There are 2 protein chains.
Amino acid sequence: VLEMRGIEKAYLTGEVVFRALKGVDLTVRRGEFLAVGGPSGSGKSTLMNLIGCLDRPTAGQYRLAGHDVSGLDADARAFVRNQLIGFIFQGFNLLARTSALENVELPLIYRGMGSSERRRRAVDALRHVGLGTKLDNTPAQLSGGQQQRVAIARALVTEPKLLLADEPTGNLDSTTTEEVLALLQSLHRDQGMTIIMVTHEPDVAQCASRIVVVRDGLIASDRRVETP
Amino acid sequence: VLEMRGIEKAYLTGEVVFRALKGVDLTVRRGEFLAVGGPSGSGKSTLMNLIGCLDRPTAGQYRLAGHDVSGLDADARAFVRNQLIGFIFQGFNLLARTSALENVELPLIYRGMGSSERRRRAVDALRHVGLGTKLDNTPAQLSGGQQQRVAIARALVTEPKLLLADEPTGNLDSTTTEEVLALLQSLHRDQGMTIIMVTHEPDVAQCASRIVVVRDGLIASDRRVETP
Ligand SMILES: Nc1ncnc2c1ncn2[C@@H]1O[C@H](COP(=O)(O)OP(=O)(O)OP(=O)(O)O)[C@@H](O)[C@H]1O
Ligand SMILES: Nc1ncnc2c1ncn2[C@@H]1O[C@H](COP(=O)(O)OP(=O)(O)OP(=O)(O)O)[C@@H](O)[C@H]1O
Ligand SMILES: [Mg+2]
Ligand SMILES: [Mg+2]
């Protein structure tokens, strides 16, 4: 479903050029479940932003679902994202002045879905992550783990073909983590959703069938693992 | 060093009253190292905000370092915090438009420290968490784990008597987590710093000598453990 070749990303801070990604090759087939690990600052979120078309590479080619996306402008990328991708951000990126329910409805508004169908699906998505009693709370009225779960619900509400999850369980206790992982695994099994998940936790990485380790802007290892 | 009795915190959302803390008794002596665990939404961060004088309880008494703080106004609480407490927030709470270095200098500015001494200490604190090459980056130019480490450096730069750490390693890989925990343990051992740390990770909780579990706004268990 996605193919990256020679992907580079450099940032300019003042007069210093920092090479966050130095040449990444990555091919992911439909229905795969990948875990991405590696040290803090190694380039994982940068890679996820490029895969998710939130940003453009400095060099290299990127084909997603058969189309060359490395050349697309901002509007075209936004369209691709809304159609195909669900993104759980490391920092959640919720809208501060709107409720949990409205935050989760937002991607459906972009799709032009009618308001009652939209509401029904958003309520469902929030119930699936245990937030049925928090629909009207704004992010500031939610705990860290509850905010994380709103971000998860928002990413899943459009039933994306590709889910990009950047540390989706970092603020969750072990029980809630297991519930979220069980939800992701069932979507993977039953709907064939392709999942790429950054995680620092070995237990969480074990849900995946392939583990990619990023180190210093390069892919250090990429191997299949036995899933129990 | 701190004593809470009958502490309650309720929030009003619309017309609904939600009781986040329903009557907490907690006594912590100088030099203790506590881990606080419990399910997402159980009240851990709410408790930490009250301990750290960032918020006031709805009911109950709170004495910190011998003074009754439950009755203090906002300015008095800010003074107490700056003098005694270092706080690592679950959401980091960095200033978005200022560099890592300036973020870490901020508590020292409040203390009236001269600019060259301030700079020296802030650079040291950032080096201790491995961010010596990122001093001028703003939070948007830092990875999630790097932002978390800036928050850690900022909390430690004033050499606080009481460190309140809300999930300080949630975004860090295992190696960086070990380095941060080693730093906290040496401050605990050598400077007698009192530490209260919320964490979901069992490995991290094992550094503490006492574990408190919060469940549904109450303390469900509070016991001492053997530290290796
Ligand atoms: N300003 C607020 N208004 C309404 N409810 C609130 C507010 N702040 C917190 N809450 C509620 O209080 C409860 C406890 O929140 P708290 O942030 O203390 O949880 P927590 O134990 O830190 O959870 P987590 O592990 O997810 O960080 C949650 O159910 C949350 O929805
Ligand atoms: N806008 C930017 N300007 C300059 N440098 C940046 C920018 N964004 C990221 N970086 C740098 O790129 C590197 C990789 O960042 P990235 O967020 O991809 O790391 P990460 O692997 O996700 O780390 P973590 O595990 O801490 O979340 C970091 O060293 C960071 O400082
Ligand atoms: Mg990251
Ligand atoms: Mg919390």
Side-chain angles (χ1 to χ4, degrees), chain A residues 11-16 18 20 37-46 48-49 89-92 94 99-100 129-131 133-149 166-167 169-177 179-180 198-203 205 213-215, chain B residues 11-16 18 20 37-46 48-49 89-92 94 99-100 129-131 133-149 166-167 169-177 179-180 198-203 205 213-215:
Chain A
Y11 293 110
L12 188 63
T13 316
E15 306 199 350
V16 179
F18 181 83
S40 174
S42 55
K44 306 179 296 296
S45 296
T46 302
M48 295 289 270
N49 288 343
F89 296 91
Q90 190 170 6
F92 317 153
L94 302 177
S99 69
V129 291
L131 294 178
T133 59
K134 301 287 178 182
L135 303 176
D136 299 326
N137 291 44
T138 60
Q141 298 169 332
L142 293 170
S143 77
Q146 290 167 343
Q147 291 173 29
Q148 187 155 41
R149 284 182 274 160
D166 199 342
E167 313 255 7
T169 62
N171 279 285
L172 303 177
D173 57 281
S174 50
T175 305
T176 315
T177 295
E179 291 169 2
V180 166
V198 173
T199 181
H200 287 306
E201 300 173 55
D203 299 359
V213 177
V214 180
R215 202 183 301 281
Chain B
Y11 294 109
L12 188 63
T13 317
E15 306 199 349
V16 178
F18 181 84
S40 172
S42 56
K44 305 177 298 294
S45 297
T46 302
M48 295 289 271
N49 288 342
F89 296 92
Q90 188 170 8
F92 316 151
L94 301 178
S99 69
V129 291
L131 294 178
T133 60
K134 302 285 179 185
L135 301 177
D136 299 327
N137 291 44
T138 59
Q141 297 168 333
L142 293 171
S143 78
Q146 290 167 344
Q147 291 174 27
Q148 187 154 42
R149 285 182 274 159
D166 199 341
E167 312 254 10
T169 62
N171 281 284
L172 303 177
D173 55 282
S174 48
T175 305
T176 315
T177 295
E179 292 169 2
V180 165
V198 173
T199 181
H200 287 306
E201 301 174 54
D203 299 0
V213 177
V214 180
R215 201 182 301 282

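Keep in mind that this is a model prediction, so the values were computed, not measured. Here is how names work: the chains are called A, B, and so on, in the same order as the sequence lines, proteins then strands, and each is numbered from 1.
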Q) Any donor-acceptor pair under 3.5 Å linking the side chain of Lys44(A) with the backbone of Pro39(A)? A) yes

Q: Could you tell me which portion of Phe18(B) (side chain, backbone, both or neither) has an atom closer than 4.5 angstrom to a non-hydrogen atom of chain A?
A: side chain

Q: Please list, chain by chain and in numerical order, all residues satisfying side-chain contact (heavy atoms from CB on, under 4.5 Å) with Thr13(A), sequence neighbours excluded.
A: Asn137(B), Gln141(B)

(Q) As an exercise: rank Ser40(B), Ser143(B), Gly38(B) by heavy-atom pairs under 4.5 Å with chain A and give me the winner. (A) Ser40(B)

Q. Looking at residues at least two apart in the chain, or sitting in another chain, which of them share a side-chain contact (heavy atoms from CB on, under 4.5 Å) with Thr169(B)?
A. Leu172(B), Thr177(B), Val180(B), Leu181(B), Glu201(B), Val204(B)

(Q) I'd like to check Met48(A) versus Glu167(A) (side-chain heavy atoms, cut-off strictly below 4.5 Å). Are they in contact? (A) no

Q | Among the listed options Thr176(B), Asn171(B), Thr175(B), the residue most often paired with chain A at heavy-atom distances under 4.5 Å | A | Asn171(B)

